[in-house]
There are 2 protein chains.
Amino acid sequence: MAPSMRRFVVIGQQATASDDFFLDDLPGSSGRLDVLLRCVRAALLVSHGLRRDVVVYLVLLGGRQAPRVLRFDGALAKFVRPDERSLATLVKKVLAAAGDASTPAHGFVEVKAGIAISRGGLADVIADLGRATAYILDESGPDVRDSKELGCDDIAFFVGDHRGFDDATRARLAAIGARSIRVGPVSLHAEDAIAIVSNEIDRSAVPRASHA
Amino acid sequence: MAPSMRRFVVIGQQATASDDFFLDDLPGSSGRLDVLLRCVRAALLVSHGLRRDVVVYLVLLGGRQAPRVLRFDGALAKFVRPDERSLATLVKKVLAAAGDASTPAHGFVEVKAGIAISRGGLADVIADLGRATAYILDESGPDVRDSKELGCDDIAFFVGDHRGFDDATRARLAAIGARSIRVGPVSLHAEDAIAIVSNEIDRSAVPRASHA
């Protein structure tokens with residue numbers, strides 16, 4: 001059996017798809033790309049290492065080059081550091097290096113080790129998910145603790161930015177059968193929701209007795 | 001009954017207690033203060049608001065003005081933003097404003113709304129905890145899900161930075177009866193551990209039926 005993969009798709013409704021943001025004013029100049037960068041850290045990084053079974057997609061729907069998607073593959077990525085400025089610098093370089101002329105209209109092209117870009121928007125992400133079971137992290141739906149499927153198979157979580165999801169995105173996700181799931185009674189930052197879901201999968205992936 | 005409080009005490013073994021770090025190179029110039037700032041966000045901030053029942057202490061043991069402790073009180077704090085650079089700017093201002101001459105040798109002095117400083121180190125934190133039940137977040141000890149006490153009373157979690165705890169700190173915490181508790185099978189960044197513990201307390205604080 002192939003090892004199961006965890007995928008997180010973070011949708012930035014206004015997060016910039018071009019490199020013309022300022023490292024010194026990330027929240028004000030990037031359409032809140034900072035929210036998405038923190039999600040990359042939460043999904044990919046653990047103490048002193050990367051999660052090799054995780055892929056993160058940042059769907060960038062803001063700015064003059066939108067839509068673009070960045071894909072971080074934990075199995076291949078290098079030099080992913082936890083602090084926001086380092087992550088922003090990395091993303092800036094990737095966005096600058098990937099000229100639209102050299103990027104096909106659909107599909108991912110690797111720009112750096114483990115980091116790829118696409119011009120296809122959410123459609124390209126959905127095509128890339130394969131047979132993953134899709135969930136939407138939001139405040140409705142059953143509790144993540146009641147799901148019996150986590151850790152058993154390929155799984156993909158769609159995560160909103162500070163504004164949540166717009167109606168068109170919700171319709172798109174409903175069309176692929178994505179189901180809502182929630183992480184608890186309080187509405188949290190996206191990165192904290194990712195940390196909690198990851199913990200839930202970590203727990204379901206080890207034999208029950210070892211964390212009793 | 002007084003509302004229960006959650007306290008997080010993050011100990012930065014080398015995190016600078018003076019304001020002479022660079023916003024453009026936080027990890028390299030501040031003794032990894034960035035790790036502690038991310039803990040402040042995880043502990044205090046939720047979607048569009050602050051957790052009013054949370055207090056965060058940053059124990060700064062690095063640099064020429066160590067030890068100093070910053071205390072963020074969620075009930076009183078204002079203008080706490082989630083991005084790392086804004087948090088670093090806030091902390092820089094607080095560290096610069098609190099001259100050692102104007103700060104007593106022990107006890108907390110408020111510098112900005114909801115943000116206080118002390119020169120007393122870990123001893124001042126312990127004195128400030130009152131009757132809180134103390135835990136150490138690390139990889140030993142029972143699982144946080146098996147604790148029956150969370151959410152019932154005042155509770156304090158001691159959290160290490162990227163290096164964990166040194167022996168002297170462990171001895172100090174053992175002396176106040178702090179018990180180890182872990183958040184799951186994988187060793188995580190401090191801020192993710194805080195998010196997971198906070199979720200556990202959120203769950204225990206609401207009636208069981210409402211998140212079944």
Side-chain angles (χ1 to χ4, degrees), chain A residues 23-28 30 32-35 37-38 41-43 45-49 51 81-89 139 142-146 160 162-164 182-207 210-212, chain B residues 23-28 30 32-35 37-38 41-43 45-49 51 81-89 139 142-146 160 162-164 182-207 210-212:
Chain A
L23 295 175
D24 290 355
D25 181 16
L26 205 52
S30 72
R32 295 307 307 274
L33 185 61
D34 60 305
V35 174
L37 297 176
R38 292 196 293 273
R41 187 210 57 75
L45 300 185
V46 291
S47 275
H48 311 294
R51 289 184 181 271
R81 284 150 65 182
D83 67 292
E84 229 164 278
R85 190 181 176 96
S86 295
L87 285 167
T89 302
E139 286 144 66
D143 194 303
V144 68
R145 289 201 186 176
D146 297 328
H162 60 299
R163 293 169 160 238
R182 69 191 159 96
V183 296
V186 175
S187 179
L188 302 175
H189 285 183
E191 64 176 304
D192 292 332
I194 289 172
I196 291 162
V197 164
S198 298
N199 179 250
E200 198 62 38
I201 304 174
D202 290 342
R203 288 165 173 279
S204 64
V206 296
S210 75
H211 59 91
Chain B
L23 295 174
D24 291 354
D25 181 17
L26 205 52
S30 70
R32 298 307 305 276
L33 184 62
D34 60 305
V35 174
L37 296 175
R38 291 196 294 273
R41 187 209 58 75
L45 300 185
V46 291
S47 274
H48 311 294
R51 289 184 181 272
R81 284 151 63 184
D83 67 293
E84 229 164 278
R85 192 182 175 93
S86 295
L87 285 167
T89 303
E139 287 145 63
D143 194 303
V144 68
R145 290 201 187 177
D146 297 327
H162 60 299
R163 294 169 159 237
R182 68 191 159 97
V183 295
V186 175
S187 179
L188 302 174
H189 284 183
E191 63 176 304
D192 293 332
I194 289 172
I196 291 163
V197 163
S198 298
N199 180 251
E200 198 63 39
I201 304 174
D202 290 342
R203 287 166 174 279
S204 64
V206 296
S210 73
H211 60 92

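Proteins get letters first, then strands, A, B, ... in listed order; numbering begins at 1 in each. Treat the numbers as computed from the prediction; the structure is a model and nothing was measured. Basis for what follows: all heavy atoms, side chains included, without hydrogens, waters or symmetry-related copies.
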Which one of A/D24, A/V183, A/V186 has the most heavy-atom pairs closer than 4.5 Å to chain B?
A/D24
B/R163 side chain near B/R32 side chain, heavy-atom distance below 4.5 Å:
no
Run the salt bridge (Lys or Arg N to Asp or Glu O under 4.0 Å) test against A/D192 and tell me which residues pass, sequence neighbours left out.
B/R41
Step by step, work out the side chain to side chain contact (heavy atoms under 4.5 Å, CB included) result for A/D143 and A/E200.
CA-CA 11 Å; A/D143 194 303; A/E200 198 62 38; over 6 Å; no
Taking the side chain as C-beta and beyond, is there a heavy-atom pair between B/R85 and A/E84 under 4.5 Å?
no
Return the CG to CG distance between A/D83 and A/L37, rounded to the nearest 0.5 Å.
10.5 Å
Between A/A195, A/S187, A/S198, A/S47, the one whose heavy-atom pairs under 4.5 Å with chain B are most numerous
A/S47
Where does B/R81 contact chain A at under 4.5 Å (heavy atoms): side chain, backbone, both or neither?
neither
Side chain to side chain contact (heavy atoms under 4.5 Å, CB included) assessment of A/R38 paired with B/E191
CA-CA 11 Å; A/R38 292 196 293 273; B/E191 63 176 304; 5.9 Å; no
Identify which of B/L23, B/V35, B/V46 forms the greatest number of heavy-atom pairs closer than 4.5 Å to chain A.
B/V46
Non-hydrogen atoms of chain A under 4.5 Å away: do they reach the side chain of B/L26, the backbone, both or neither?
neither
Name the region of B/I194, side chain, backbone, both or neither, that has any atom closer than 4.5 Å to a heavy atom of chain A.
neither
Segment of A/P82 engaging chain B (4.5 angstrom heavy-atom cut-off)
both
